[in-house]
Amino acid sequence: MLGMALAALDSTIVSTAVPQIVGDLGGFSVFSWLFSGYLLAVTVSLPVYGKLSDTFGRKPVLVCGIVLFLLGSLLCAGAWSMGGLIAFRVVQGLGGGAIQGTVQTIAADLYPLKDRPKIQAKLSTVWAVSAVAGPAVGGLLVAYAHWRWIFLINLPVGAVALWLIRRHLRETVPARPPLPSDERAGGRPRRVPRVDWAGALAVFACGGLLLTALVQGGVAWPWLSAPSLGLFGAGALCAVATVVIERRTAEPIIPSWVWKRRTIAAVNLALGALGLLMVAPTVFLPTYAQSVLGLGPIAAGFVLSVMTLSWPVSAALSSHVYNRVGFRQSALIGIGLAALILAAFPLLPYPGEPWMPALIMLLLGGALGIFQLPLIIGVQSSVGWAERGTATASVLFNRQIGQSVGAALFGAVANATLAGRLAEAPAAIRRDLPDSLDSVSHALEHPGTLSDTAADYLRRAVDAAVDHVYVGAAAAAALAFLVLLLLAPRRFPVLPDSESGPDGADTAPERAEAGGGA
């Protein structure tokens with residue numbers, strides 16, 4: 001939990017220090033890469049660390065990940081320019097990818113199926129607390145110390161986490177079956193762990209190019225511009241090269257069974273849709289709360305944070321659902337409710353009261369808690385020790401990809417809606433309205449520059465844009481529902497707890513989960 005707290009806090013604590021960082025180092029035009037660079041590094045490294053943890057064990061990968069994260073934190077604290085800080089944030093992200101995937105895998109290794117919801121709920125609580133406390137801690141450090149302390153504070157937390165892991169985490173890495181090429185002349189098989197470094201490099205290059213195109217497209221350059229088309233084209237070529245390399249290697253970073261097994265393939269697609277729909281509340285709800293409801297930043301953050309309170313509670317209780325009806329049915333119930341809740345957001349009155357979207361978020365967190373956790377636990381329980389790291393990294397990787405696609409897609413939807421409303425504005429107020437999308441947020445932050453009629457029209461335009469985004473999020477939830485309904489098996493194959501650990505990895509017969517036939 002302490003190791004996970006490093007990655008969880010880092011995603012929220014930096015945001016409050018951006019004005020001070022830019023004021024000190026400059027680089028306002030590229031500061032968004034403080035977040036994009038970190039996200040890219042985490043996403044593209046997840047499959048690599050998953051395979052490494054299956055090959056060498058979880059403990060060395062987690063220890064190396066924390067050390068790399070702390071090194072990145074120390075370098076960030078000493079950064080002398082915005083370019084250097086962005087580069088060091090990438091180093092942090094490479095460590096964060098190891099932490100996020102490996103901690104989830106270790107939880108499945110240490111706890112039997114009946115206890116996994118409890119420990120996963122505790123890990124979810126770490127993210128919930130970080131979402132609420134991160135901005136506050138960052139604000140205090142910036143106000144009373146210096147922005148560099150938001151990185152230095154990671155060092156003591158990480159040191160304690162390393163000490164506890166080194167002292168208390170013990171694991172047995174199972175012997176792996178020999179490859180034909182590993183047999184000695186005397187017929188005695190030996191198994192030398194192999195790392196597909198060519199595949200790892202191809203995954204890094206492919207993921208980095210495509211994610212950069214998605215993150216920066218429509219922001220740093222137009223979608224149909226040369227940079228976007230070049231990045232997408234290069235990413236497509238790298239994707240082809242990755243497939244060729246992975247098909248030829250004996251132990252690929254992304255093995256083909258990840259997509260050949262119905263259970264894992266369906267969960268990958270469903271959690272990709274989850275990442276897609278999560279962009280609506282996390283990115284656009286704070287804008288809605290401030291621009292439409294007129295709330296301050298702290299109150300707007302509270303409207304969003306209530307989702308992080310109900311999510312771990314429902315996740316902890318989800319075992320009572322999936323033990324009765326099965327993993328698939330539990331997930332179908334959760335994502336079906338989430339689709340209805342998201343579709344209800346556009347029905348809120350204008351301008352409405354703050355408790356209305358807060359209630360929507362509270363219910364959404366509860367629905368997603370009984371959707372996501374059963375799928376992750378179901379996938380982890382369907383594989384042996386030697387495949388669990390890869391399987392876990394696979395579902396987390398697809399969720400991250402969904403978030404990147406969602407940010408690009410829903411950003412385009414919101415911009416198109418705002419542009420259309422500005423173009424359709426009545427002639428009497430058109431002169432008072434901003435002349436570009438970049439000026440909308442500034443105009444709403446300084447309403448004195450607008451007439452009352454123009455300010456109201458602009459708020460209604462933002463309200464319509466966010467409504468359209470939530471409709472898209474509801475469609476993504478419906479897509480996840482259809483994927484599970486049509487692709488996922490009614491009963492997930494589950495390995496018995498006694499046979500899915502290190503001693504029984506890859507040798508245990510599968511059995512179907514109980515209660516999954518409804």
Side-chain angles (χ1 to χ4, degrees), residues 1-13 38 41-42 45-77 91-112 115-130 133-134 137 151-174 193 195 312 376-377 380 383-393 395-397 497 500-503 505:
M1 290 175 70
L2 278 176
M4 183 67 85
L6 290 172
L9 272 173
D10 195 76
S11 63
T12 57
I13 196 172
Y38 180 85
V42 169
S45 64
L46 275 169
V48 178
Y49 288 126
K51 183 61 179 180
L52 291 177
S53 73
D54 285 341
T55 303
F56 299 105
R58 328 293 188 210
K59 185 173 181 177
V61 173
L62 181 57
V63 169
C64 290
I66 293 177
V67 170
L68 190 59
F69 186 91
L70 295 181
L71 174 62
S73 299
L74 188 61
L75 291 172
C76 286
V91 175
Q92 264 193 317
L94 294 176
I99 294 170
Q100 290 190 33
T102 310
V103 168
Q104 296 278 4
T105 307
I106 289 174
D109 290 342
L110 295 180
Y111 292 86
D115 293 333
R116 283 175 197 163
K118 298 177 183 178
I119 187 62
Q120 290 285 0
K122 291 179 180 179
L123 293 176
S124 297
T125 302
V126 172
W127 287 92
V129 171
S130 299
V137 172
F151 300 108
L152 293 174
I153 197 174
N154 292 329
L155 301 182
V157 177
V160 175
L162 276 176
W163 179 75
L164 290 172
I165 291 166
R166 295 274 299 179
R167 177 166 180 166
H168 296 290
L169 178 59
R170 297 177 179 87
E171 64 175 352
T172 302
V173 180
V195 179
I376 293 178
I377 291 177
Q380 292 177 331
V383 296
W385 189 96
E387 295 179 338
R388 189 173 291 144
T390 299
T392 302
V395 298
L396 297 179
F397 175 76
D497 291 325
S500 62
D503 296 332

Heavy-atom nearest pair, Gly93 first then Ser45, reads O-OG, 4.2 Å
Work out which heavy atom in Leu152 is nearest to a heavy atom in Pro156; give both atom names and the distance. O-CD, 3.4 Å
Any idea which heavy atoms bring Ala108 and Arg388 closest together, and the distance? CB-CD, 3.5 Å
If you compare all heavy atoms of Asn154 against all heavy atoms of Ser73, which two are closest, and at what distance to 0.1 Å? ND2-OG, 3.1 Å
Dump the intermediate steps for side-chain contact (heavy atoms from CB on, under 4.5 Å) on Thr55 and Leu52, then the final yes or no. CA-CA 5 Å; Thr55 303; Leu52 291 177; 5.5 Å; no
Does Ile153 CD1 have over 12 foreign heavy atoms under 6.0 Å away? no
Out of curiosity, Cys64 SG to Phe69 CZ, how far, rounded to the nearest 0.5 Å? 15.5 Å
Residues Ala393 and Gly50: closest non-hydrogen pair is CB-CA, 3.8 Å
Is a side-chain donor or acceptor of Thr390 paired with a backbone partner of Glu387 at a separation under 3.5 angstrom? no
Please list all pairs passing the salt bridge (Lys or Arg N to Asp or Glu O under 4.0 Å) test where one or both residues lie in residues 58-67, with sequence neighbours left out. Asp54-Arg58, Arg58-Asp109
Let's go through Leu94 and Val42 carefully: what are the C-alpha distance in whole Å and the side-chain angles of both, what is the deciding distance for side-chain contact (heavy atoms from CB on, under 4.5 Å) to 0.1 Å, and is it a yes or a no? CA-CA 6 Å; Leu94 294 176; Val42 169; over 6 Å; no
Shortest non-hydrogen contact from Pro60 to Glu171? CD-OE2, 3.7 Å
Does Leu62 have any side chain to side chain contact (heavy atoms under 4.5 Å, CB included) partners at least two apart in sequence or in another chain, and if so, which? Ile66, Ile99, Thr102, Val103, Ile106, Ile165
Residues that Ala98 engages under side chain to side chain contact (heavy atoms under 4.5 Å, CB included), provided they are two or more places apart: Tyr49, Val61
Nearest 0.5 Å, what's the CD1-CG distance between Ile376 and Leu396? 6.0 Å
Residues which pass side-chain hydrogen bond (donor to acceptor under 3.5 Å, both in side chains) with Thr392, listed by chain and number, not counting sequence neighbours: Gln380
Supply the atom-to-atom distance Leu6 CG to Met4 CE, rounded to the nearest 0.5 angstrom. 10.5 Å
Name all residues meeting the side chain to side chain contact (heavy atoms under 4.5 Å, CB included) criterion together with Ala107; count only those two or more places apart in sequence or in a different chain, and write none if there are none. Ile119, Gln120, Leu123
Could I get the full list of side chain to side chain contact (heavy atoms under 4.5 Å, CB included) partners for Val91, not counting sequence neighbours? Leu68
Please round to the nearest 0.5 Å and tell me the distance separating atom OG1 of Thr125 and atom CE of Met1. 6.5 Å
Kindly indicate whether the side chain of Tyr111, heavy atoms from C-beta on, has any atom under 4.5 Å from the side chain of Lys118. no
Between Leu162 and Leu70, is there a side-chain heavy-atom distance shorter than 4.5 Å? yes
